[in-house]
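All remarks here apply to the structure that follows.
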Protein chains: 2
Amino acid sequence: MKTTPMNDDLATRLKEQGLRLTPQRQLILRAVEDLRHATPDEVLAHVRSQVSSVNASTVYRTLEVLEELGLVRHAHLSDRAPTYHSTVEHEHVHAVCRRCGTVRSYDPAVVQPVVDALAADGFVVDVGHLAIFGECAECGATGT
Amino acid sequence: MKTTPMNDDLATRLKEQGLRLTPQRQLILRAVEDLRHATPDEVLAHVRSQVSSVNASTVYRTLEVLEELGLVRHAHLSDRAPTYHSTVEHEHVHAVCRRCGTVRSYDPAVVQPVVDALAADGFVVDVGHLAIFGECAECGATGT
DNA sequence: TTCAGTGCAAAGCGTTTGCAGGGTG
DNA sequence: CACCCTGCAAACGCTTTGCACTGAA
């Protein structure tokens, strides 16, 4: 198994928690990074394309661990499965077109006014989790 | 069955679409209004507390119809079931504390800057669907 | 050698669907 | 009296869980 910066990070954080470094955990983290935005199912498929026989429950359990370690994050970009992405990328806000399903990423600065407004109330917004639904330019232009 | 303004609205809109006014549809719409924010399951329980034997599938099908008619809306305030609310109330944005689960409603004005920013991109935000996750003042003050 | 991690299978939860009977318009 | 709507039951998609075995440290 090759060593990458992210892998070192994984190994370190796992050790801190008394957890173990396994091939599955490395592969699943790599899959999330490669796919950029992926559901557990897509992660499973990606991992299986490299190594046979990885179980779905392992993917779910691993994504949970990786999220606790702060290496991945998830957001709900559809009514169905959640979407995971690596925290190596910059934090971003998702805008999802409900008509065509396209996901656009925006800089967190876009929602800063909202964050500030709610902060006045003592509410701390989890920007990375934010999903904004609506209709994109292409779909809107096409008319209804 | 009593007649209310909302019920008249329901009857009218159903007729426009060639659909039928049934006791179930009236009860389910009323339940959503009474509960303010409710999952399909909670709506079902509420309706059943008044009339026995209403089926879950009827609730799902009816909520879908009511949403198409523009009488109710839904947002995803948890990782599980969606939450429905009546459109009689003013449109509002939801802020959900991930720690205690409390849902706070905010005026859409709070997110206007975001709406404007994305509008510059041709993206039309569905404000009513928006759910902002984070941590509320009480939970934040308590420390981690 | 220990105990965290895995695969497997079954169950869980929320939701959808096919069908036949029932009630609205 | 046509046909929309309902209840029922089964199936569905995604996720979680219990258990015994495996393998990392």
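Predicted, not measured: the structure shown is a model, and the values here were computed from it. Just so it is clear, the values below take in all heavy atoms, side chains as well, and ignore hydrogens, waters and symmetry mates. So that the names make sense, note that chain A is the first sequence line, chain B the second, and so on, each numbered from 1.
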His92(A) and His90(A) aromatic centres sub-6.0 Å: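 Centroid distance His92(A)-His90(A): not below 6.0 Å, so no.
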Taking the six-membered ring for Trp and the single ring otherwise, decide whether the centroids of His74(A) and His85(A) are under 6.0 Å apart.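 Between His85(A) and His74(A), which both carry aromatic rings, the centre distance is not below 6.0 Å.
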Figure out the [atom1]/[atom2] separation between [X] and [N], and round it to whole Å.
X        : N       : atom1 : atom2 : value
Gln17(B) : dC5(D)  : CD    : P     : 11 Å
Arg61(A) : dT16(D) : CZ    : C1'   : 9 Å
Tyr60(A) : dT6(C)  : OH    : P     : 16 Å
Leu21(B) : dC4(D)  : CG    : P     : 16 Å
Leu27(A) : dG7(C)  : CG    : C1'   : 15 Å
His76(A) : dT15(D) : NE2   : P     : 9 Å
Asp41(A) : dC12(D) : CG    : P     : 16 Å
Asp79(B) : dT16(D) : CG    : C1'   : 14 Å

Hey, is the side chain of [X] poking within less than 4.0 Å of OP1 or OP2 on [N], counting only N and O atoms?
X        : N       : value
Gln24(B) : dG7(D)  : yes
Thr58(A) : dG5(C)  : no
Ser57(B) : dT16(C) : no
Asn55(A) : dC8(C)  : yes

Just call it for Ser53(A): base, sugar-phosphate, or nothing, with non-hydrogen atoms closer than 4.0 Å on any strand.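 Sugar-phosphate, backbone atoms only, no base.
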4.5 Å side-chain heavy-atom contact, Asp126(B) and Arg98(A):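 They are in side-chain contact.
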Of Glu64(B) and Lys15(B), the one whose closest DNA chain C nucleotide lies more 5':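 By nearest-heavy-atom nucleotide position, the 5'-most residue is Glu64(B).
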Closest-nucleotide mapping onto DNA chain C: is Leu19(B) or Ala81(B) further toward the 5' terminus? I mean the 5' end. Ala81(B)
Looking at [options], which one has an atom nearest to any side-chain atom of [X]?
X        : options                 : value
Pro23(A) : dT6(C), dA24(D), dT6(D) : dA24(D)
Pro40(A) : dG7(C), dT15(D), dC5(D) : dT15(D)
Val54(B) : dC5(D), dG7(D), dG5(C)  : dG7(D)

Pick the nucleotide of DNA chain D nearest each of Ala56(B) and Arg20(A); which residue has the one closer to the 5' end? Ala56(B)
Salt bridge flag under 4.0 Å for residues Asp9(A) and Arg13(A): yes
Just jot down the side-chain contact (heavy atoms from CB on, under 4.5 Å) partners of Gln50(A), sequence neighbours excluded, or say none. Leu27(A), His46(A)
